[in-house]
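Order of the sequence lines sets the chain letters (A, B, ...), proteins ahead of strands, with each chain counted from 1.
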Amino acid sequence: MNYWLMKSEPDDVSIDDLAARPDQTVGWYGVRNYQARNFMRDEMQLGDQVFFYHSSCKEPGIAGLATVCRMAYPDPTQFDPKSKYFDAKSTPDKPRWLQVDVRFVQKTRLLSLNQLRSFPELCEMVLLQKGSRLSITPVSDADAAFILGKLC
DNA sequence: GCCAACGTTGGC
DNA sequence: GCCAACGTTGGC
C-alpha cells in the first residue's frame with residue numbers, strides 16, 4: 001500500500017465536492033504530465049491512500065484523505081474537443097493520458113503548505129522540494145505517518 | 001540528440 | 001499578475 005499526494009484546484013474539485021459526489025468518487029482527470037501519469041499507470045494500486053491537496057488557492061495545503069478505488073484507465077477529457085484537456089494527438093486506440101478514480105475518506109483540518117514546511121521531519125517530501133510542481137507525488141510511509149499524526 | 005523558444009504550474 | 005522553475009516542442 002502506497003501513499004500519494006494529489007493536487008486539485010478547489011475551484012475545480014475540492015474535498016467538499018468529492019464528499020458531495022455520487023458514491024463520493026471522482027475520476028482524476030486532467031493530468032497532462034508524463035511523470036504524474038506514470039505514477040498512476042505503474043504504481044498506483046487499489047486501496048492506496050491519498051492526501052487530497054488544495055492548490056492554486058488562497059490557502060494551499062492538505063484538506064482531506066481519499067483512497068484509490070479504480071486503477072488507471074483512459075482519461076475521457078483527452079478525446080473531448082470541447083475540453084481544455086483535449087489532446088488531438090491522442091486516440092482511443094492509443095490513449096496518451098490516464099486517470100484513476102479516488103473515493104472520499106474524510107475531510108481533515110487544513111494542514112497548510114506553510115505548516116508542512118515548518119516540520120523538519122518533512123523536509124524530504126517531494127512536494128516541498130524547490131521547484132517541485134508535480135501534481136501527483138509519492139509520500140513515504142514515514143512522512144505519511146507523521147502527517148496523519150498531525151491531521152487526526 | 002542538442003538546445004532555444006515557448007508553455008505551464010503554482011506559490012506569492 | 002508576477003515570475004521561478006520545469007517541461008515540451010521542433011528546427012537543425
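- With sequence neighbours excluded, the residues satisfying side-chain hydrogen bond (donor to acceptor under 3.5 Å, both in side chains) with A:S140 are A:D143.
- Residues of residues 2-11 of chain A that place a heavy atom closer than 4.0 Å to DNA chain B, in numerical order, are A:K7.
- Evaluation of the ring-ring contact (aromatic ring centres under 6.0 Å, His included) rule for A:Y34 yields A:W97 as partners, not counting sequence neighbours.
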Shorter than 3.5 Å, N or O on both sides, protein versus nucleotides 7-11 of chain C: list them out with atom names.
from  : atom 1 : to     : atom 2 : distance (Å)
C:dG7 : O4'    : A:R133 : NH2    : 3.0

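- Sorted by residue number, the members of residues 118-131 of chain A with any non-hydrogen atom under 4.0 Å from DNA chain C read A:K130, A:G131.
- Scored by the side-chain hydrogen bond (donor to acceptor under 3.5 Å, both in side chains) test, A:S83 finds no partners at all (sequence neighbours excluded).
- There is a side-chain donor-acceptor pair under 3.5 Å between A:S90 and A:Q78.
- Partners of A:D87 under the salt bridge (Lys or Arg N to Asp or Glu O under 4.0 Å) rule, at least two apart in sequence or in another chain, are A:R96.
- With side-chain heavy atoms closer than 4.5 Å counting as contact, directly or through intermediates, the hydrophobic cluster containing A:V26 also holds A:W4, A:M6, A:V13, A:I15, A:L18, A:W28, A:Y29, A:V31, A:F39, A:M40, A:M44, A:V50, A:F52, A:V68, A:Y85, A:V100, A:V102, A:F104, A:L134, A:I136.
- The closest side-chain donor-acceptor pair between A:N38 and A:R41 falls under 3.5 angstrom.
- Between the side chain of A:S8 and the backbone N or O of A:P10 there is no donor-acceptor pair closer than 3.5 Å.
- No donor-acceptor pair under 3.5 Å is formed between the side chain of A:R109 and the backbone N or O of A:A63.
- Checked by atom type and distance alone, the side chain of A:D80 never pairs as donor or acceptor with a backbone atom of A:T77 at under 3.5 Å.
- For A:F119, the ring-ring contact (aromatic ring centres under 6.0 Å, His included) partners are A:F146, not counting sequence neighbours.
- Nearest heavy atom pair, residue A:L5 against residue A:M125, reads CD1-CE, 4.2 Å.
- The nearest pair of heavy atoms linking A:L122 to A:L128 is O-CD1, 3.4 Å.
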Output a table of nitrogen or oxygen pairs between the protein and nucleotides 2-5 of chain B separated by less than 3.5 Å.
none

Step by step, would you call A:L65 with A:F51 a side chain to side chain contact (heavy atoms under 4.5 Å, CB included)?
CA-CA 5 Å; A:L65 303 176; A:F51 294 102; 3.5 Å; yes
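- Considering only residues two or more places apart in sequence or on other chains, A:Q99 meets the side-chain hydrogen bond (donor to acceptor under 3.5 Å, both in side chains) condition with A:Y73.
- Summary of helix geometry: the two end axes of the helix from B:dG1-C:dC12 to B:dC12-C:dG1, each defined by five base pairs via their C1' atoms, are inclined to each other by 10° (rounded to 10°).
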